[in-house]
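Below is one structure, written out as structure tokens; comments come after it.
Below, read A as the first sequence line, B as the second, and so on, with proteins coming before strands; counting in each chain starts at 1. Keep in mind that the numbers below use all heavy atoms, side chains included, and drop hydrogens, waters and symmetry copies.
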There are 2 protein chains.
Amino acid sequence: MSADLRRRAKGSAGVESAGPENAGTDEAGSKSSLQRGLAILRLLASSNEAGARLTDISRALDLTPPTVHRLLKILVEEGMAEADKATKRYRLGIDLFGLAAQAGNPNNLRDICRPILLRLSATLRDTIFLLVRSGFDAVCLDRSEGPFPIRSFTGDIGGRVTLGVGQGSLAIMAFLHAEEREEVIRFNLPRMQGVGIIDEVYLRTEIARVRDFGYASRSTGLLPGMSGVAVPVLDRDGYAVAALSVGTISERLNEERLPVVVDILKRESAAISRQLNPFDPVLRRPAAILGGGPA
Amino acid sequence: MSADLRRRAKGSAGVESAGPENAGTDEAGSKSSLQRGLAILRLLASSNEAGARLTDISRALDLTPPTVHRLLKILVEEGMAEADKATKRYRLGIDLFGLAAQAGNPNNLRDICRPILLRLSATLRDTIFLLVRSGFDAVCLDRSEGPFPIRSFTGDIGGRVTLGVGQGSLAIMAFLHAEEREEVIRFNLPRMQGVGIIDEVYLRTEIARVRDFGYASRSTGLLPGMSGVAVPVLDRDGYAVAALSVGTISERLNEERLPVVVDILKRESAAISRQLNPFDPVLRRPAAILGGGPA
DNA sequence: CCCATCTATTCCGTATATCGGAAGCTTTTG
DNA sequence: CAAAAGCTTCCGATATACGGAATAGATGGG
């Protein structure tokens with residue numbers, strides 16, 4: 001259902017990657033065993049919750065059963081995968097979970113934003129998303145469901161959207177460095193076919209609008225009847241590091257409520273920015289006032 | 001600070017592992033490149049948020065720089081690590097995040113419990129933990145901070161505690177299959193030195209008490225002034241699949257509030273159990289009532 | 001109940017992918 | 001500006017990972 005959101009873009013600009021002048025090799029031949037192992041993990045992640053069997057993996061990744069068996073053994077030993085002895089099925093291991101808690105969390109953004117997301121979803125009674133940029137995509141770092149009314153079960157944590165599609169990623173895009181934004185537009189325009197935006201002029205108009213008003217809100221949602229509003233979270237230099245996004249049914253974002261929501265979002269976004277001190281990593285850590293683990 | 005909670009037990013009973021009659025080999029010599037790659041990921045996870053440099057990793061894992069370089073390159077290409085070109089430091093990649101969203105999530109436990117955790121932390125105004133068993137440890141699957149008063153910053157998501165230490169893991173332990181519990185006790189007693197429990201008799205008494213009353217609450221917390229209450233989350237057969245745990249300052253768990261908290265926890269735990277249908281995986285998925293991604 | 005089929009696991013020779021020394025290159029430090 | 005430390009590339013030796021084949025185990029059908 002939401003598996004399509006999880007696909008990742010090939011490149012990874014702004015962070016690293018082999019660079020544009022790729023070595024030109026591979027694209028099929030000679031994978032390292034590390035790559036194979038990671039491929040297995042990804043496959044396990046995308047397979048249903050019952051898990052995948054050895055042969056399934058073998059076939060899907062075009063590896064021989066002995067190879068898969070050996071790799072899986074290592075993954076299990078390392079805690080990255082779990083084998084259900086009864087059903088002979090493999091799932092992702094809990095240790096991955098521990099890894100990821102630390103992952104993709106520059107500036108402790110997630111920790112900082114968590115209480116804010118909670119507050120927002122409680123106040124607005126809608127689902128709130130925290131998105132960050134990752135290459136040419138936006139990634140959902142966290143989300144907080146509203147207390148009742150509407151819940152959306154897509155856009156899971158870790159899910160990816162093409163940067164420029166959807167309000168959150170649009171808000172990020174609008175507040176990137178100019179050159180970066182150009183790069184993203186160039187790369188992403190072809191990827192946006194079939195999701196509403198095919199027109200560069202339109203996209204640029206939208207971006208300008210978002211920059212002017214400080215928020216993104218377009219009624220042409222990805223899904224009929226659904227709408228969203230999003231504001232960027234800016235660093236000290238005024239560039240986007242993330243976006244706060246509200247997803248709800250269109251009726252709930254009418255012209256009288258919209259400005260209120262935007263106002264609240266902007267206030268919270270500013271609060272986050274204030275906690276993002278790019279110069280002192282130490283201060284960024286929320287102080288451990290009182291210890292106490294899972295009691 | 002909480003890095004010690006992240007260490008994992010050697011074995012992984014109940015799930016898999018090479019079994020007790022281990023091949024007897026290794027334990028230092030000859031690591032596969034997959035293992036090395038995963039070791040790097042773990043190191044990145046445990047290094048501070050600034051990230052680790054190539055040489056740091058090289059030294060820490062006793063690998064030559066060229067090796068680390070090559071592995072890191074692969075990890076970056078695969079999205080499991082990110083290289084900050086400016087500072088020459090490596091961090092965990094966001095893709096890991098996407099993986100883990102699916103990991104260690106049997107029965108969608110986390111999705112099911114998320115709203116309940118939120119409700120609990122809002123109601124009780126304390127921090128709520130969701131713990132599951134992983135081998136001889138309990139792992140923190142999710143947590144939800146209370147709105148104000150006290151927040152504990154240890155016991156992070158993904159953190160591990162020895163099964164039997166702390167109320168949450170005690171609640172799980174008390175409701176395991178008898179043989180499994182024995183195995184856990186045997187394995188964990190030596191590991192419990194210095195965290196309060198050194199006496200098998202005392203531990204067994206505690207477990208019996210928890211079974212009788214249906215909740216765990218011991219004032220001898222890991223940290224002075226802190227206390228916790230926990231109830232198990234049971235499957236259809238009455239065995240523990242998880243625990244709900246409240247961590248707070250001792251004053252807030254006095255004899256008049258404790259029963260109230262326990263009551264609420266039990267109710268929510270029962271609600272979770274009801275959603276755990278081991279026979280129909282399809283029904284377990286929360287239905288996507290309305291779509292709508294990060295808008 | 002036994003046989004046929006599919007899957008998981010072990011074994012082992014081969015070949016390839018991995019390793020690490022050495023050297024070039026870049027960045028930081030004094 | 002020189003020196004040191006760190007990062008990256010190259011390449012030959014070898015350890016390691018691969019996959020075919022055969023075994024053991026599970027599943028299902030006749």
Side-chain angles (χ1 to χ4, degrees), chain A residues 15-41 43-44 47 50-78 80-91, chain B residues 15-19 21-41 43-44 47 50-78 81-91:
Chain A
V15 183
E16 232 282 60
S17 84
E21 18 68 284
N22 195 321
T25 46
D26 52 68
E27 187 57 43
S30 77
K31 295 249 170 235
S32 72
S33 75
L34 176 53
Q35 281 172 307
R36 285 188 236 256
L38 296 176
I40 291 179
L41 289 182
L43 185 72
L44 290 181
S47 64
R53 288 175 315 166
L54 192 143
T55 356
D56 302 334
I57 302 170
S58 166
R59 273 196 274 271
L61 301 178
D62 199 34
L63 300 170
T64 60
T67 299
V68 175
H69 181 254
R70 190 170 33 79
L71 292 173
L72 275 174
K73 194 170 157 227
I74 295 173
L75 290 174
V76 168
E77 278 168 2
E78 298 286 327
M80 300 297 156
E82 288 176 354
D84 187 328
K85 278 208 151 115
T87 64
K88 294 282 194 135
R89 286 197 143 85
Y90 291 87
R91 284 178 275 111
Chain B
V15 183
E16 230 283 58
S17 83
E21 19 67 283
N22 194 322
T25 47
D26 53 70
E27 187 58 41
S30 75
K31 295 248 170 238
S32 71
S33 76
L34 175 54
Q35 281 173 307
R36 285 187 235 259
L38 296 176
I40 290 179
L41 289 183
L43 185 72
L44 290 180
S47 65
R53 288 176 315 168
L54 191 144
T55 352
D56 302 334
I57 302 170
S58 165
R59 274 195 273 270
L61 300 179
D62 197 37
L63 300 170
T64 60
T67 299
V68 175
H69 181 255
R70 187 172 38 80
L71 292 174
L72 275 174
K73 195 171 157 225
I74 294 173
L75 289 173
V76 168
E77 279 168 1
E78 297 287 327
E82 288 176 355
D84 187 329
K85 277 206 152 119
T87 64
K88 295 282 194 131
R89 287 198 143 86
Y90 291 87
R91 284 179 274 110

How long is the gap from [atom1] on [X] to [atom2] on [Y], to the nearest 0.5 Å?
| X | Y | atom1 | atom2 | answer |
| --- | --- | --- | --- | --- |
| Leu44(B) | Glu82(B) | CG | CD | 10.5 Å |
| Met80(A) | Leu38(A) | CE | CG | 10.0 Å |
| Ile40(A) | Ser47(A) | CD1 | OG | 11.5 Å |
| Ser32(B) | Glu77(A) | OG | CD | 9.0 Å |
| Arg59(A) | Leu43(A) | CZ | CG | 12.5 Å |

What is the distance, to the nearest angstrom, from the [atom1] atom on [X] to the [atom2] atom on [N]?
| X | N | atom1 | atom2 | answer |
| --- | --- | --- | --- | --- |
| Lys85(A) | dT9(C) | NZ | P | 9 Å |
| Leu71(B) | dT18(C) | CG | P | 8 Å |
| Arg89(A) | dA26(D) | CZ | C1' | 14 Å |
| Ile74(B) | dA17(C) | CD1 | P | 12 Å |
| Asp84(A) | dA8(C) | CG | P | 13 Å |
| Leu72(B) | dT8(D) | CG | P | 9 Å |
| Lys31(A) | dA15(C) | NZ | P | 24 Å |
| Leu34(A) | dT16(D) | CG | P | 16 Å |

Legend entry - Annotated protein contacts, base or backbone, on nucleotides 24-30 of chain C with a non-hydrogen cut-off under 4.0 Å, one of B, S, - each: -------

Inset, instruction - Among Leu72(A), Leu63(A), Leu71(A), Thr67(A), find the one that has a side chain to side chain contact (heavy atoms under 4.5 Å, CB included) with Ile57(A). - result: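 Among Leu72(A), Leu63(A), Leu71(A), Thr67(A), the one that satisfies the side chain to side chain contact (heavy atoms under 4.5 Å, CB included) with Ile57(A) is Leu72(A).
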
Legend entry - Closest listed nucleotide, where the reference is the side chain of Arg53(B) and the choices are dT9(C), dT18(C), dC7(D):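 For Arg53(B), the side-chain atoms sit closest to dC7(D).
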
Inset, instruction - Among dT7(C), dC7(D), dT9(C), find the nucleotide with the atom closest to the side chain of Thr55(B). - result: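 So the side chain of Thr55(B) is nearest to dC7(D).
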
Legend entry - Residues forming a salt bridge (Lys or Arg N to Asp or Glu O under 4.0 Å) with Arg53(A), sequence neighbours excluded: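 With sequence neighbours excluded, Arg53(A) shows a salt bridge (Lys or Arg N to Asp or Glu O under 4.0 Å) to Asp56(A), given in chain and number order.
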
Legend entry - Nearest atoms (heavy-atom pairs only) where Leu75(B) meets Gly37(B):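 Scanning both residues completely, I find the closest heavy atoms to be CD1-O, 3.9 Å.
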
Inset, instruction - Indicate the atoms forming the closest heavy-atom contact of Arg36(A) with Lys31(A), along with that distance. - result: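 So the two residues come closest at NH2-O, 3.0 Å.
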
Inset, instruction - Pull out every residue in residues 56-69 of chain A that has a heavy atom closer than 4.0 Å to any atom of DNA chain C, ordered by number, or say none. - result: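 Per residue number, the list reads Arg59(A), Pro65(A), Pro66(A), His69(A).
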
